[in-house]
Asks: 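What follows is a structure written as structure tokens; I'll ask about it next.
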Amino acid sequence: MNIPAQYDPSLTEDKWYAHWLEAGHFHSVPDDREPYTVVIPPPNVTGVLHMGHMLNNTIQDVLVRRARMQGKNACWVPGTDHASIATEAKVVHRLRDKGIKKSDLSRDEFLEHAWEWTHEHGGIILEQLKKLGASCDWNRTRFTMDEGYYKGVIDTFVEFHEKGLIYRGVRMVNWDPVALTALSDEEVMHTEEHGKLYYVRYAIVGEEDRWITVATTRPETIMGDTAICVHPDDERYKDLVGKKAIVPVVNREVPVIADDYIDLEFGTGCLKVTPAHDINDYELGQKHGLETIDTINADGTMSAEAGAYEGMDRFECRKKFPEELDRLGNLVKVEDYTNKVGRSERTNAVIEPRLSLQWFLAMEELSKPALEAVINDTVQFHPPKFKNSYRHWMENVKDWCISRQLWWGHQIPAWFFGEGEEDYVVARTEAEALEQARAKTGNAGLTMDDLRQDEDVMDTWFSSWIWPIQVFDGLHKEDEVAYYYPTNDLVTAPEIMFFWVARMIISGYHYRGEAPFKNVYYTGIVRDKKGRKMSKSLGNSPDPIELMKQYGADGVRVGMLLTSPAGNDLPFDDKLCEQGRNFANKIWNAFRLVQGWEVDEAKAQPEAAATAVAWMEARSQQAMEELDAAFASFRLSEALMTTYRLVWEEYCSWYLESIKPPFGEPIDGATKRATLEVFERMLKLLHPFMPFLTEEVWHWTSERGGHEDDLCVAAWPERAAYDKGILADIEMAKEVVTAIRNIRNDNGIPNKEKLELKVQPGDGYPAHLEPWIAHLTNVSGIEHVTEKVKGAFGFVQGTHRFSVPFGEGFDIDAERAKVQKDLEYQQGFLHSVRGKLSNEKFVSGAPEQVVENERKKEADALAKIAVLEEKLADLA
RNA sequence: GGGCGGUUAGCUCAGCUGGUUCAGAGCACCUCGUUUACACCGAGGGGGUCGGGGGUUCGAGUCCCUCACCGCCCA
């Protein structure tokens, strides 16, 4: 058998993935086992895999694979999100490239294009996840607009409407003038931007040369002003309240009103009130019964109300309008100013607050159990710091604007039959709608032609908020949802805590009476090494598929996990994947070594090997204990690191070196079997992190039968009690080995040259480790002596004194200097210990155990100092 | 403006209820090494006094106050 010296992922990964699929290892059906369920955060249907998906899905796969091996009925449901606004924007863009305007198409024609796009791109990202090794149950793949899911979304709308929780109302919404739709607050990003602050004066009616000056960042809205507002306590303007001011250019008389909403310090202390274009002004308008004049069209151009400016872009108008003000003598001054501007998350367009008729879901009552669940840890957040922002948001939750002026999505199931505010019905189907409309109007002759369905669609999140339920068709059937719901863990990004996580918890309580998952693991953002967010425009985002080609999927998975504790951003560097690849290679080579040993059953097990086997057994048990603890608290990078060190440090560097038979000689059967057993156990522990490599090696280490023998479904190793004594003993012995290696290193003594080792044993000296030490240090033997050894290197471990007699021509001065340095350190240490012990308050105040420890430290230090002083005298 | 989190080796991070040499890990770095699994390697090593200041305590990265800086969320 000739196994290549380097592991080549390209030869194994596709092979094993196909094998697992064929074996049906990822497919789940309800049975009598405990379920372990994860629903994927559905990526946008037209998206391509980026580093964020890599991180997120690697984590999910680790959790799912581990659960599967633990004997749970693991079910990871994949799928995609129709992503209403993002997808529609892409389709519009693509049509534009072909010279087609959305406005030239009918709704049906447009949707045809959108579906075409969806079918073309819909599968890509899921195929990419397979490369990563994601063990999703692909038979369960869902899409938020597939038939059953669509129906579920419509049903929720109708049901909430029947309950009176969904209502229609005129509200100030965040308007995206590019996408031509309303957005929820969560879809608006606020950034600081440089602008100007314009000071504009308005003439007061009936007063000679009396003016009132306001400061505004948005002069183009002046034509929509319907009042001037001052603070009721403001002495400067008190006498003007109740008078009228003249809006420049349009020469409209508006009242001067007073309201304590006004900030006395800002600008001039006077506010122009434009209820149509500012949320606060809108509220002021409501309160004071002001007129609303809309001067801006849906597409961001000026409306007919803007007179000569009609049709001009709002930003162009912002430049031009002040010029006219200046000519008329109304512009007092212009200052540079920095203020917060809201932009659309999707189109980056500056949001225009706009009044419109939208659908809303009343949130206050609905969200109460969802708030409680997170506060009392029924749903646990990892890391828990996110609980605070969750609470803050939930305590101030606003009604959810769920309508969007788009075509791609779930069309709102409302049909209008007249122009009156209440002239509509909400129903699951056209037939139901017609029936209801007939009843409502009392007109039995009404036909579908008399009904007009609402053009709008629902917010994307209004479909994904029922994801953990409806992927199992849980709104319509009980069989599967009863088994899989609630799911176990959700892995997602903190950015969508409000968009998605909070709302899933809300709908979970509403529909199932319990939260949809027990744990939420928040990943961080994958950044480049300079700490910048990865983005297309910066071109700093590596192509995950290329990365996997270069380092193997296992290498990339390890790379993603190495430095990303929950909630922390991940500064990504190819180096991390390289480390992952190197680790894979290390495991591969450990396997090559072990596999290559010929066994001689007649050979007795050497003592050193017996010691090593006992130690490795205990050490791997201890590591499993640590691993379980790390998983229990979702510290996955720590879990990986524990495994990494167990394999590389303990198994490869210490264990294998201590059982290696001399060159060309066979190994005894007992040692070989034990070595393979631990190795296979480690393969199991590694499998969730590195599924491909481990499955490959697994099939090399033993004869494997059918699919049920795959590592993918092998039983997770059982924990057992272990010998802590040998762990401590070996730690001491390792120090001895290192000390001798140091003597060789410092004095240029080759490993091949045998050394003598003498020891004056102290209390609890583990003599049984001597063969192990001798094996690793190439000493001819370990001799017990009762007196100090002259002419030797020396070191102390615990109370045991070791000596290595000098060979030919060693550097006595260097040795003396080293001993001197050591001595000074010990003296310093003794001094600090005695400092504590001579402190009356310490001795009386500290617990007995602590004081006792200090006394022991003192004794040890004294012993060491005595040895070192002797040594120094010896070397003089 | 409100809220939250952070500041520990060159980098990324551990460090739970204050007390064993607790100052740790991985990577990077330096020295040595062509020993028959692996140079995608091995052995060894240097490096931080825990952002600044103050306090509580016998004792503080670990608790409290304060300042500075950074990040995130919300308005």
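Numbered from 1 within each chain, the chains take letters A, B, ... in sequence-line order.
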Asks: Considering only side-chain heavy atoms of R581(A), which listed nucleotide, rG15(B), rC40(B), rG44(B), is closest?
Replies: rC40(B)
Asks: Could you please name the option among rG45(B), rC74(B), rA43(B) that lies closest to any side-chain atom of N742(A)?
Replies: rG45(B)
Asks: In whole Å, I'd like the distance from the CD atom of Q6(A) to the P atom of rC38(B).
Replies: 10 Å
Asks: Can a salt bridge be assigned to the pair K575(A) and E578(A) using a cut-off of 4.0 Å between side-chain N and carboxylate O?
Replies: no
Asks: Starting the side chain at C-beta, find the nucleotide from rG26(B), rU35(B), rG42(B) nearest to W648(A).
Replies: rG42(B)
Asks: Aromatic rings Y521(A) and F634(A): how do their planes relate, parallel, tilted or perpendicular, breaks at 30° and 60°?
Replies: tilted
Asks: For the P atoms, the ones on rC70(B) and on rC65(B), what distance do you get once it is rounded to whole angstrom?
Replies: 22 Å
Asks: As a test of reading the structure: which of rC73(B), rC38(B), rC27(B) is closest to the side chain of N589(A), going by heavy atoms?
Replies: rC38(B)
Asks: Using whole Å, what does the distance between atom P of nucleotide rC40(B) and atom CZ of F583(A) come to?
Replies: 17 Å
Asks: Which of parallel (below 30°), tilted (30 to 60°) and perpendicular (above 60°) describes W461(A) and W500(A)?
Replies: tilted
Asks: Output the rounded distance in Å from OH (Y651(A)) to C1' (rC41(B)).
Replies: 18 Å
Asks: Figure out the CD/P separation between E665(A) and rU35(B), and round it to whole Å.
Replies: 20 Å
Asks: Among rC38(B), rG15(B), rG26(B), which is the nearest nucleotide to the side chain of R635(A)?
Replies: rG15(B)
Asks: When you check the phosphate oxygens OP1 and OP2 of rA75(B), does a side-chain N or O of N396(A) lie under 4.0 Å from one of them?
Replies: no
Asks: How would RNA chain B look in dot-bracket form, 5' to 3', counting Watson-Crick and G-U wobble pairs with both distances under 3.5 Å and writing | for bases paired to another strand?
Replies: (((((((..((((.....[....)))).(((((.......))))).....(((((..]....)))))))))))).
Asks: Given the C1' atoms of rA14(B) and rG61(B), what is the spacing between them in whole Å?
Replies: 12 Å
Asks: So, applying side-chain hydrogen bond (donor to acceptor under 3.5 Å, both in side chains) with Y7(A), which one of T12(A), N582(A), N589(A), N585(A) is it?
Replies: T12(A)
Asks: If anything within 90° of 0 is syn and all else is anti, what is rG61(B)?
Replies: syn
Asks: Of the listed nucleotides (rG44(B), rA37(B), rA25(B)), which one gets closest to any side-chain atom of M641(A)?
Replies: rA25(B)
Asks: Say you pick atom C1' in rG47(B) and the same atom in rU31(B); how far apart are they, in whole Å?
Replies: 15 Å
Asks: Report which part of the nucleic acid N568(A) touches: base, sugar-phosphate, or nothing (heavy-atom distance under 4.0 Å, all strands).
Replies: sugar-phosphate
Asks: Do K586(A) and rC38(B) have a side chain to base donor-acceptor pair shorter than 3.5 Å?
Replies: yes
Asks: Within 45 degrees of the axis of the six-membered ring of W648(A) and under 6.0 Å from its centre: does R619(A) put its NZ or CZ there?
Replies: no
Asks: By nearest atom, which of the nucleotides rG42(B), rA37(B), rA25(B) is closest to the E657(A) side chain?
Replies: rA37(B)
Asks: Quick check: are there more than 12 heavy atoms from other residues, nucleotides or ligands sitting under 6.0 Å from CD of E598(A)?
Replies: no
Asks: rC41(B) phosphate, OP1 or OP2: any side-chain N/O from N582(A) under 4.0 angstrom?
Replies: yes
Asks: Mind calculating the distance between CG (L776(A)) and P (rG44(B)) to the nearest angstrom?
Replies: 11 Å
Asks: Please report the distance separating the P of rC72(B) from the corresponding atom of rC29(B), rounded so that it comes out in whole Å.
Replies: 31 Å
Asks: Quick check: on RNA chain B, is the nucleotide nearest L593(A) upstream (toward 5') of the one nearest N745(A), or the reverse? Name the residue that is more 5'.
Replies: L593(A)
Asks: Separation of K398(A) atom NZ from rC74(B) atom P, in whole Å?
Replies: 11 Å
Asks: Between N751(A) (CG) and rA43(B) (C1'), how many Å, whole number?
Replies: 8 Å
Asks: Quick check on rA37(B): is either OP1 or OP2 less than 4.0 Å from any side-chain nitrogen or oxygen of K660(A)?
Replies: yes
Asks: Please confirm whether Y651(A) and Y655(A) have ring centers closer than 6.0 angstrom.
Replies: yes
Asks: Could you check whether S633(A) and E638(A), counting side-chain N and O atoms only, form a donor-acceptor pair closer than 3.5 Å?
Replies: no
Asks: Please tell me which of the listed nucleotides, rC40(B), rG42(B), rA37(B), lies nearest to the side chain of S653(A)?
Replies: rG42(B)
Asks: Map L656(A) and T738(A) onto RNA chain B by nearest heavy atom, then report which one ends up closer to the 5' terminus.
Replies: L656(A)
Asks: Please state how far atom CG in L561(A) lies from atom C1' in rG26(B), giving the value in whole angstrom units.
Replies: 14 Å
Asks: Below 4.0 angstrom from OP1 or OP2 of rC74(B), is there any side-chain N or O of S389(A)?
Replies: no
Asks: Mind checking whether F591(A) and W700(A) have parallel, tilted or perpendicular rings, split at 30° and 60°?
Replies: tilted
Asks: Measuring only the C1' atom in each nucleotide, how far is rA9(B) from rC27(B)? A whole number of Å is fine.
Replies: 12 Å
